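A short worksheet on the structure shown next.
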Amino acid sequence: MPRILRAAREQLAELAGLRPEGVSGFERTPDGWTVEIEVEEIPRVPETMSVMGLYLVTLDPEGNLTGYRRARRYERGRTDS
């Protein structure tokens, strides 16, 4: 499992030029894996006002990235209602 999460983070960073900050979820699918990765898209001061993006990354069973998309954007300090 750590290999899959590391592969998702590294490949997203390389392809999209984004620096992953954390993994907020993952699941095995019939086609491989789906991993939810949080990235800082727009840094701001104070840091709690930075704009974050949640990306859904899909990988095949071997850990090769097959696609990604931004699922949502939010301020770092905000929580879901």
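What you see is a predicted model, and the numbers here were worked out from it, not measured in a lab.
Connection of V39 to F26 is established within a shared hydrophobic cluster, with ILVMFWY side chains joined at heavy-atom distances below 4.5 Å, either directly or through further cluster members. Follow the hydrophobic side-chain contacts under 4.5 Å out from V51 and you never reach M49; the two are in separate clusters. L56 and I37 fall into different hydrophobic clusters, where Ile, Leu, Val, Met, Phe, Trp and Tyr side chains are chained together by heavy-atom contacts under 4.5 Å.
In this structure a side-chain-to-backbone donor-acceptor pair under 3.5 Å is present from T58 to G67.
Minimum heavy-atom separation, P43 to S50: CA-OG, 3.6 Å. Minimum interatomic distance between A8 and V57 (heavy atoms only, all atoms of both residues): CB-CG1, 4.2 Å. The two atoms that bring T66 and D60 nearest to each other are CG2-N, 3.8 Å, heavy atoms only. Nearest heavy-atom pair, Q11 versus L59, reported as atom, atom and distance to 0.1 Å: NE2-CD2, 3.8 Å.
To the nearest 0.5 angstrom, W33 atom CH2 is 12.0 Å from E62 atom CD.
A salt bridge is absent between R9 and E21; no separation between the charged side-chain nitrogens and carboxylate oxygens falls under 4.0 Å.
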Determine, step by step, whether L12 and E14 satisfy the side-chain contact (heavy atoms from CB on, under 4.5 Å) criterion, reporting the C-alpha distance in whole Å, the side-chain angles of both residues, the deciding distance to 0.1 Å, and the verdict. CA-CA 5 Å; L12 179 64; E14 184 178 334; over 6 Å; no
Would you check, one step at a time, whether the test side-chain contact (heavy atoms from CB on, under 4.5 Å) holds for R70 with E41? CA-CA 11 Å; R70 183 175 58 213; E41 292 191 331; 3.2 Å; yes
Using side-chain contact (heavy atoms from CB on, under 4.5 Å), reason through E36 and E27 one step at a time and then give a plain yes or no. CA-CA 9 Å; E36 296 176 350; E27 71 176 309; over 6 Å; no
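You'll find the side chain of M52 stays beyond 4.5 Å of the side chain of L54, heavy atoms only. In this structure, the side chains of V23 and V35 come closer than 4.5 Å at one or more pairs of heavy atoms.
E38 and S24 share no side-chain donor-acceptor pair at under 3.5 Å.
Note that R72 lies in the cation-pi zone of Y74, set by a 6.0 Å cut-off to the ring centre and a 45° limit from the axis.
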